[in-house]
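The figures here come from the full heavy-atom set of this structure, side chains too, leaving out hydrogens, waters and symmetry mates. Throughout, protein chains are lettered first and strands after them, A, B, ... in sequence-line order, and every chain is numbered starting at 1. This structure is a prediction, so every number in the text was calculated from the model and none was measured.
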Protein chains: 2
Amino acid sequence: MPYRRTPAVQARLDALRAGILAAATAQIAEHGYAGCIVAAVARRAGVATGTVYRHFPAKADLLAEVFRSVVTREVAAVAEAARRPTGTLTERITAVVETFAGRALKAPRLAYALLAEPVDPAVDTERLAFREAFRDVIATAVAEGVRTGHLPPQNARLTAAALVGAIGEALVGPLAAGTPDVDTLPALVTFSLRALGVPDAHP
Amino acid sequence: MPYRRTPAVQARLDALRAGILAAATAQIAEHGYAGCIVAAVARRAGVATGTVYRHFPAKADLLAEVFRSVVTREVAAVAEAARRPTGTLTERITAVVETFAGRALKAPRLAYALLAEPVDPAVDTERLAFREAFRDVIATAVAEGVRTGHLPPQNARLTAAALVGAIGEALVGPLAAGTPDVDTLPALVTFSLRALGVPDAHP
DNA sequence: GCAAGCAATGAACCACGGTTCACCACTTGT
DNA sequence: ACAAGTGGTGAACCGTGGTTCATTGCTTGC
């Protein structure tokens, strides 16, 4: 058999695949899911349309992988903020909210796509997973707060889901308008602290 | 000129138009925006495809009008709950949350379409208006609470937006699963009361 | 009745965008 | 250098679904 895939070739293939993934991510970040046309992604990645299908079985798979990679990164950032052992409970919650919201405000279109924009079922699964991942990170922290008595008793999962929704919705306005609005973040932090039942949440 | 539109004919036209609107609403309520195909709406209304275009210039206009009519109804229900002059502030907030969430849980697919499902720009405008209308109803009540000293100082608009998002998100799970879950509503009420800073929110 | 319009019809048209595939260029092992 | 096989190409294909329009069947005023 006069052909065997060389490490150098494999590296080039991997790079190309990663390039397509990056192009799709950038395309979504700029034009949303609706504007993420395979031909446009290919052009952006500097390859032909057909090449995309040499690396991904279908558009849905490509997008699912994009979502998965972005979500992994975002959830990791928030989880890291939640895990930070220093500081009071209030400081930790503040860090989580600011991380979540701050990152979203830096990449509005992408955040919108992840939070709200409709897609096909295959990708919706990923989005669901995304929100669940965030919810679970927050729910864990809430449950711990309840256990240690820093927070009043509550349904941690529901509270966490509501918080994810609250932050997401509160951001949609600012995301839609181009107005970051410095007041948004502190107000969201206050809202979150109060909603969780932190005593003395009066900034 | 041997033809003039008679009142009876006008009535039939109006009824037909209303029927198409109702069919589109029902179609969205059952299959969401994605499943709302013009041909299906027409079949459901008992007319031919082309007839739809005799009453609406384009699909986007039809859908926009559907959204507007549903939203008007929903916002009115919530506004009515908010306006109810009897009872304490806590009771009023409870009524608003239960009205909002309770109605959504009764028509899950429709609620999902209104809250989250992606559509084309023309309709997105309506959805934005929808969320803003709810937000404003709540914001008004919050502002009043702040003014009378029943609530701590806060950015009423942002708080209200966050509440809309919180309720919406907390409902998405139950909406997706078929599980109404009797615990959801009370938990949401508690969350809302705490988030607003109502003193003594410990059910 | 009958001419003049209007509303309804639904098959045909068309644009869009995902997917395919016959072809070309290049790499590898001998 | 060459045979065997791989990766890249992009024009063409195809399904979907919104929109149109020539035709048909009613209504109205005379």
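Residue B:Tyr53 contributes atom OH, which lies 6 Å from atom P of D:dG18 at whole-angstrom precision. If you take CZ of B:Arg43 and C1' of C:dA8, they are 17 Å apart, rounded to a whole angstrom. One interatomic measurement links the two molecules: CD of B:Gln27 to P of D:dG17, which rounds to 12 Å at whole-angstrom precision. Going from atom CD of A:Gln10 over to atom P of C:dT28 covers 12 Å, rounded to whole Å. Distance B:Leu13 CG to C:dA7 C1': 7 Å, rounded to the nearest Å. When the P atom of D:dG7 is taken as reference, atom CZ of A:Arg17 falls 13 Å away, rounded to whole Å. With rounding to whole Å, A:Asp14 atom CG is found 12 Å from D:dG7 atom P. Distance A:Lys59 NZ to C:dC16 P: 15 Å, rounded to the nearest Å.
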Its contact letters, B for base, S for sugar-phosphate only and - for none at protein heavy atoms under 4.0 Å, make nucleotides 10-15 of chain C read B-----
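An OP1 or OP2 oxygen of C:dT27 is reached within less than 4.0 angstrom by no side-chain nitrogen or oxygen of A:Tyr3. For A:Arg4, no side-chain nitrogen or oxygen approaches OP1 or OP2 of D:dA4 to under 4.0 Å. The side chain of A:His55 places no N or O atom within less than 4.0 Å of a non-bridging phosphate oxygen (OP1 or OP2) of D:dG7. The side chain of A:Arg12 contributes no N or O atom lying less than 4.0 Å from OP1 or OP2 of D:dG8.
Aromatic pair A:Phe130/A:Phe67: centroids not less than 6.0 angstrom apart.
Residue B:Ala58 is classed as a sugar-phosphate contact, given heavy-atom separations below 4.0 Å to backbone atoms only.
The side chain of A:Arg54 lies closest to D:dG7 when the candidates are D:dG18, C:dG18, D:dG7. Set against C:dT27, D:dT27, D:dT6, the side chain of B:Val9 has D:dT27 as its closest nucleotide. When distances are taken from the side chain of B:Val38 to each of C:dA7, D:dT19, C:dA8, the shortest belongs to D:dT19. The nucleotide whose nearest atom lies closest to any side-chain atom of B:Ile37 is, among D:dG17, C:dC6, D:dT28, D:dG17.
One distance of note links CD1 of B:Ile167 with CG of B:Leu171; it measures 7.5 Å at 0.5 Å rounding. For the atom pair CD1 (B:Ile20) and CD (B:Glu65), the distance works out to 10.5 Å, reported to the nearest 0.5 Å.
When all heavy atoms of A:Leu188 and A:Ala101 are compared, the pair lying nearest together is CD1-CB, 4.4 Å. Looking at every heavy atom in both residues, A:Leu115 comes nearest to A:Arg127 through O-CD, 3.8 Å.
Salt bridge absent: A:Arg157 and A:Glu132 never bring a charged side-chain N and a carboxylate O closer than 4.0 Å.
Of the two residues near DNA chain D, B:Ala8 and B:Ala39, the one whose nearest nucleotide lies more 5' is B:Ala39.
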Show your working on salt bridge (charged side-chain N to carboxylate O under 4.0 Å, His left out) between B:Arg103 and B:Glu74 and close with a plain yes or no. CA-CA 8 Å; B:Arg103 294 178 68 93; B:Glu74 295 301 312; 2.8 Å; yes
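Cation-pi contact between B:Lys59 and B:Tyr33: present, with separation from the ring centre below 6.0 Å and deviation from the ring axis of at most 45°.
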